[in-house]
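The figures here come from the full heavy-atom set of this structure, side chains too, leaving out hydrogens, waters and symmetry mates. Chain identifiers are assigned alphabetically (A, B, ...) following the order of the sequence lines, protein sequences preceding nucleic acid strands; residue numbering begins at 1 within each chain.
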Amino acid sequence: MPDVLTVDHLTVRLGRRTALDDVTLRLADRGSVVGLFGQNGAGKSTLLRTVAGIVGRYGGTVTAPPGGVAFLPDAPFLYPRLRLDASVRLAADLWDDLDVSHAVRTLEGLGLEPDLLVAEASKGMLEQVHLALVLARRRHLTLLDEPLAAVDPLFRDRLIGLLRTEREPGSTVLVSTHLVSGLEDLFDEVVVVHDGRLVLHDDVRTVSRLGGLEQRVKEVLADGRRVS
Amino acid sequence: MAVGSPETTWRVRPRRGELWLVELRHLLPVPLVAVALTGAAGAVAALAPDIVALGVVRELAVMLCWSGTAIWAAGVLVRHVTLVDDPLVQLGTRPWWRVAVGKALMIAALLTVQHVVTTIAELQTLHAAFGENLAGAVAHAAIAKVASLAAYLAVVLLVATLATLVLGRMRAVATVAIGVTIVVVGHALLLWRVGAPDTEVFVLGVGSDTWTVHLYANVLPLVLTGPSEGVVPDVAWLSLGLNAAVALTASATWLALARGRRWDRLPR
């Protein structure tokens with residue numbers, strides 16, 4: 001099975017800090033949802049940003065699908081003074097690959113009004129809009145940086161539902177999060193980074209057999225050595 | 001494309017240039033205020049040409065507005081190029097440098113409008129400097145300023161891009177400020193020492209006396225007083241040529257750098 005993402009000996013230095021240290025990761029093209037775990041500052045965001053092409057200076061090689069990936073950053077990216085429909089228009093102008101009909105159907109399904117100002121949307125609503133737009137790019141590889149952080153459990157469930165129903169069929173989604181509990185059902189694979197190094201990449205079923213996802217991630221982070 | 005009930009229609013038909021419409025709405029207020037202030041000060045001074053104080057107020061308004069818009073223009077480009085503060089644009093499928101070119105062109109167009117408003121009040125001065133050749137005066141006024149804007153924006157883009165290699169938000173901004181200042185001051189000194197070494201009245205700013213010629217060292221306005229009426233001094237053409245050379249060199253170097261290597265586009 002070919003790989004949808006190949007990262008070979010990736011090293012990224014941000015100033016004097018080594019954010020990623022000789023990371024090698026291969027994701028097979030089997031339409032998985034991959035959880036990327038690690039503590040704050042472990043290198044999760046740097047890994048996603050490098051694959052997305054935002055970090056340009058690095059050692060090693062990164063091979064992503066032709067045409068690029070869809071990336072959801074960990075910060076709001078819509079203009080506060082635009083309405084939602086104007087935001088979709090702007091995104092369509094900036095992203096050649098945006099499926100506008102798909103985006104509108106999803107936003108309507110979420111009960112969002114086109115004349116809602118971005119500045120007036122709640123954090124949870126905004127996360128839904130961000131995710132809906134990024135998924136509507138329908139890329140073969142989608143990277144989501146902490147989409148579940150700082151939203152209440154209700155919105156977290158909605159975001160997970162959105163991810164399950166609206167992602168491109170057969171596409172791979174790499175989701176970074178520092179939350180572990182209650183997410184076993186979402187992921188097919190688990191990747192753990194610690195201090196800029198990749199310390200675990202395994203199938204969730206295998207990890208679950210070894211004591212459960214949460215327990216295993218905690219063990220690996222406590223150990224800090226590469227175990228798989 | 002319109003989806004939904006009439007009350008909740010999603011007006012999302014993709015339009016080419018949506019980014020630039022949004023960008024224009026975002027950029028317009030600052031030059032608009034500068035144009036209004038410059039125009040009002042010029043109109044009042046023209047209505048009462050005998051009141052010297054009004055002429056001084058007009059010159060102050062022009063100086064402050066141009067200083068303000070020059071710094072604002074650099075700020076817009078630095079925010080996009082160095083500080084990377086617009087994730088939506090950064091996530092787009094367009095290269096960052098192409099968006100930077102678009103922003104620079106839009107700023108240049110807005111500042112040219114500001115220049116036209118400023119120049120209307122200076123036609124009398126230009127006429128005196130260029131004798132009966134009013135067309136030449138207008139051409140000089142237009143081309144000299146456009147070349148100076150091109151030189152300035154190209155230098156800002158180049159220095160702002162190099163400043164992305166500097167760690168820290170404040171350090172990067174300071175690098176741009178110092179770098180651009182060094183280029184502009186060096187440019188002015190070169191123009192002065194080569195083009196008008198024996199001229200004592202070669203000052204910064206704007207002037208409305210007769211027999212003055214407006215020059216630009218990069219974006220910096222200079223006034224040369226002293227050439228005979230109707231004589232276009234060689235330094236005027238040197239100023240124009242230097243700005244054109246700086247604009248071409250800086251923009252070519254910047255484009256080669258921006259396209260030729262990978263840059264970190266991390267928000268600061």
Side-chain angles (χ1 to χ4, degrees), chain A residues 12-17 19 45-46 49-50 52-58 62 67-79 81-98 100-101 103-105 107-108 111-116 118 130 133-134 137 139 143, chain B residues 1-29 80-81 83-99 102 161 164-169 171-172 257-268:
Chain A
V12 177
R13 291 193 177 84
L14 299 175
R16 276 171 280 187
R17 190 169 71 87
S45 294
T46 305
R49 288 168 173 178
T50 308
I54 289 171
V55 172
R57 293 183 294 150
Y58 56 82
V62 175
V69 301
F71 175 54
L72 175 72
D74 62 348
F77 59 81
L78 295 175
Y79 296 168
R81 284 186 289 178
L82 286 188
R83 294 161 35 132
L84 283 189
D85 54 359
S87 302
V88 174
R89 279 202 308 271
L90 180 58
D93 187 35
L94 283 165
W95 301 343
D96 299 341
D97 50 4
L98 185 75
V100 176
S101 307
V104 170
R105 271 199 310 274
L107 294 172
E108 279 194 319
L112 295 166
E113 298 290 335
D115 58 354
L116 177 69
V118 169
H130 288 150
L133 286 175
V134 170
R137 295 181 71 172
R139 290 283 185 173
L143 313 171
Chain B
M1 179 188 302
V3 185
S5 64
E7 301 81 37
T8 58
T9 303
W10 287 80
R11 299 182 191 284
V12 288
R13 182 193 295 275
R15 291 190 300 209
R16 276 192 171 276
E18 186 74 26
L19 170 66
W20 303 121
L21 284 174
V22 172
E23 197 67 31
L24 183 64
R25 280 204 298 270
H26 175 64
L27 293 178
L28 199 56
H80 173 64
V81 174
L83 303 180
V84 194
D85 73 343
D86 191 343
L88 180 60
V89 172
Q90 301 301 330
L91 296 175
T93 42
R94 255 173 257 195
W96 67 271
W97 57 266
R98 197 172 288 173
V99 177
T161 301
T164 59
L165 301 172
V166 177
L167 281 180
R169 188 180 173 91
R171 277 192 205 172
L257 269 175
R259 299 176 66 177
R261 58 163 289 172
R262 294 182 305 197
W263 295 89
D264 288 346
R265 305 298 303 149
L266 290 166
R268 289 163 183 265

Okay, A:Y79 and chain B: the region with an atom under 4.5 Å from a heavy atom over there is side chain
Bottom line for B:R16: the part with an atom under 4.5 Å from chain A's heavy atoms is backbone
message = Taking CZ in B:R94 as the centre, count heavy atoms belonging to other residues, nucleotides or ligands within less than 6.0 Å. Is the count above 12?
response = yes
For the side chain of B:D264 and the backbone of A:G56, is there at least one donor-acceptor N/O pair under 3.5 Å apart? yes
A side-chain contact here means heavy atoms from C-beta on lying under 4.5 Å apart; do B:L266 and A:V55 qualify? yes
Answer key: most heavy-atom pairs under 4.5 Å with chain B among A:D85, A:L94, A:D93 is A:D93
Distance col, row B:W10:CH2 vs A:R83:CZ, nearest 0.5 angstrom, shows 9.5 Å
When every non-hydrogen atom of A:P76 is compared with those of B:P87, the smallest separation belongs to O-CG, 3.9 Å
Bottom line for A:L82: the part with an atom under 4.5 Å from chain B's heavy atoms is side chain
Honestly, the part of A:R49 sitting under 4.5 Å from a heavy atom of chain B is side chain
Residues A:R57 and B:T164: closest non-hydrogen pair is NH2-O, 4.5 Å
Side-chain touch A:L90/B:E23, heavy atoms, less than 4.5 angstrom: no
So CD1 of A:I54 and CG of B:L91: to nearest 0.5 Å the spacing works out to 5.5 Å
Whatever's closer than 4.5 Å to a heavy atom in chain A on B:V89 counts as both
| query | Do the side chains of A:R89 and B:L21 get nearer than 4.5 Å, heavy atoms only? | reply | no
Discussion item. I'd like to know whether CZ of A:R17 has more than 12 heavy-atom contacts from other residues, nucleotides or ligands below 6.0 angstrom.
Written reply: yes
Margin query: Is there a side-chain contact between B:Q90 and A:F77 in this structure, where contact means two heavy atoms from C-beta onward sitting under 4.5 Å apart?
Written below: no
Between A:W95 and B:L88, is there a side-chain heavy-atom distance shorter than 4.5 Å? yes
Review point. In terms of heavy-atom contacts, does CZ of A:R81 have more than 12 from other residues, nucleotides or ligands at under 6.0 Å?
Key: no
The interface call for B:L167 against chain A, heavy-atom contacts under 4.5 Å, is side chain
